[in-house]
Amino acid sequence: MSVKEILQSLVDDAMVDSERIGTSNYFWAFPSKALHARKRKLEALETQMVETNQKKKTLQQNVEKAKVGRQDTEERSKLAEELASLRHQRDQFKSELDKYKECDPDVIEEIRQSNKVAKEAVNRWTDNVFAVKSWAKKKFGFEESKIDKTFGIPEDFDYID
């Protein structure tokens with residue numbers, strides 16, 4: 001690397017200062033600047049450590065406070081077992097409800113609506129196909145059967161009622 005590249009990398013790393021005065025570039029570095037930068041970094045890290053330690057203490061105190069009312073007793077273990085059984089029962093009821101979901105009037109109505117929308121879309125595209133066939137017949141003078149055969153349109157192709 002050339003001296004210019006080395007100086008530029010030191011300037012980029014803030015290890016050396018530079019200033020353009022007139023047509024000259026001046027570079028300098030004071031030993032105390034690096035020392036002050038390290039001191040500031042150390043102070044920032046120390047304050048961060050103090051804050052983290054304080055946060056750790058408060059979290060440990062919160063854990064201790066939370067443990068106060070949660071000693072293992074017979075009543076607590078019974079309630080925990082009951083809770084587990086109720087959750088299991090709820091899951092069973094949900095799975096049973098999912099079995100009967102297809103008979104739900106709301107679901108049936110939703111399926112009917114989606115079928116209606118799909119039928120409208122199919123008829124729209126069928127109309128588009130007929131329009132393109134009509135255009136091709138007028139523009140190029142092809143027979144309708146030849147157009148059907150070329151594009152793979154079946155003979156029973158028609159609107160859905």
Side-chain angles (χ1 to χ4, degrees), residues 1-27 37-38 40-41 44-45 47-49 51-56 58-60 62-63 65-67 69-70 72 75-161:
M1 290 175 54
S2 69
V3 172
K4 186 175 182 180
E5 292 170 346
I6 292 172
L7 279 173
Q8 187 59 44
S9 69
L10 289 173
V11 169
D12 292 342
D13 294 338
M15 295 175 73
V16 172
D17 293 319
S18 70
E19 189 73 33
R20 182 174 182 94
I21 300 175
T23 59
S24 302
N25 288 329
Y26 292 95
F27 299 93
R38 284 193 296 265
R40 281 193 305 272
K41 180 74 172 175
L45 289 173
T47 57
Q48 185 179 4
M49 188 175 79
E51 290 172 1
T52 306
N53 285 337
Q54 273 185 328
K55 188 174 181 181
K56 179 183 170 188
T58 58
L59 288 174
Q60 285 176 341
N62 290 341
V63 167
K65 286 179 185 176
K67 283 183 179 180
R70 296 187 180 190
D72 274 344
E75 182 182 355
R76 183 173 170 79
S77 61
K78 285 180 184 178
L79 288 174
E81 289 175 15
E82 185 180 348
L83 178 65
S85 68
L86 289 174
R87 284 183 177 163
H88 180 68
Q89 189 177 16
R90 181 192 65 193
D91 292 339
Q92 286 178 340
F93 287 150
K94 279 187 179 180
S95 64
E96 190 174 334
L97 185 63
D98 288 341
K99 289 179 188 175
Y100 300 117
K101 198 167 208 150
E102 61 194 34
C103 297
D104 186 15
D106 294 335
V107 173
I108 292 172
E109 185 60 32
E110 187 178 317
I111 291 172
R112 284 187 181 144
Q113 290 297 325
S114 65
N115 284 345
K116 184 178 178 184
V117 170
K119 192 182 282 187
E120 289 173 359
V122 166
N123 286 332
R124 187 175 337 112
W125 279 102
T126 304
D127 193 37
N128 291 342
V129 168
F130 283 137
V132 168
K133 278 175 54 176
S134 172
W135 175 80
K137 198 161 60 170
K138 288 179 185 174
K139 180 81 174 175
F140 302 111
F142 291 138
E143 295 177 19
E144 193 169 327
S145 61
K146 187 160 184 131
I147 293 172
D148 290 346
K149 186 177 179 185
T150 304
F151 292 105
I153 300 172
E155 291 179 13
D156 61 346
F157 183 75
D158 202 3
Y159 294 100
I160 295 177
D161 292 329

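This structure is a prediction, so every number in the text was calculated from the model and none was measured.
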message: Testing the basics here: between I160 and N123, what is the closest heavy-atom pair and its distance to 0.1 Å?
response: N-OD1, 2.8 Å
message: Take a 6.0 Å sphere around CZ of F151 and say whether it holds more than 12 heavy atoms from other residues, nucleotides or ligands.
response: no
- request: Taking the side chain as every heavy atom from C-beta outward, state whether R124 and D127 have any pair of such atoms under 4.5 Å apart.
  value: no
message: Out of the candidates R90, H88, Q89, E96, only one should pair with Q92 under the side-chain hydrogen bond (donor to acceptor under 3.5 Å, both in side chains) rule; please name it.
response: H88
query: Can you tell me how far CD of E143 sits from OG1 of T150, rounded to the nearest 0.5 angstrom?
result: 10.5 Å
message: With salt bridge (charged side-chain N to carboxylate O under 4.0 Å, His left out) as the test, pick out the partner of E144 among K138, K149, K137.
response: K137
E120 side chain near K116 side chain, heavy-atom distance below 4.5 Å: yes
query: In Å, rounded to the nearest 0.5 Å, how long is the span from CD1 of I108 to CG of D106?
result: 9.5 Å
- prompt: CD of Q48: more than 12 outside heavy atoms within 6.0 angstrom?
  reply: no
query: Can you name the closest pair of heavy atoms from I153 and V129 and give their distance?
result: CD1-CG1, 3.8 Å
message: Just checking E155: does its CD atom have more than 12 heavy atoms from other residues, nucleotides or ligands closer to it than 6.0 angstrom?
response: no
field: Heavy-atom check, side chain of L59 versus side chain of K56, under 4.5 Å
entry: no
- prompt: Between NZ of K4 and CZ of F27, what distance do you get to the nearest 0.5 Å?
  reply: 8.5 Å
message: If you compare all heavy atoms of K133 against all heavy atoms of D148, which two are closest, and at what distance to 0.1 Å?
response: NZ-OD1, 2.8 Å
- prompt: CG of L83 to CD of E81: how many Å apart, nearest 0.5 Å?
  reply: 11.0 Å
message: Has S134 got a side-chain atom pairing as donor or acceptor with F130's backbone, closer than 3.5 angstrom?
response: no
Approximate separation, where rounding is to 0.5 Å, of L45 CG and R40 CZ: 13.0 Å
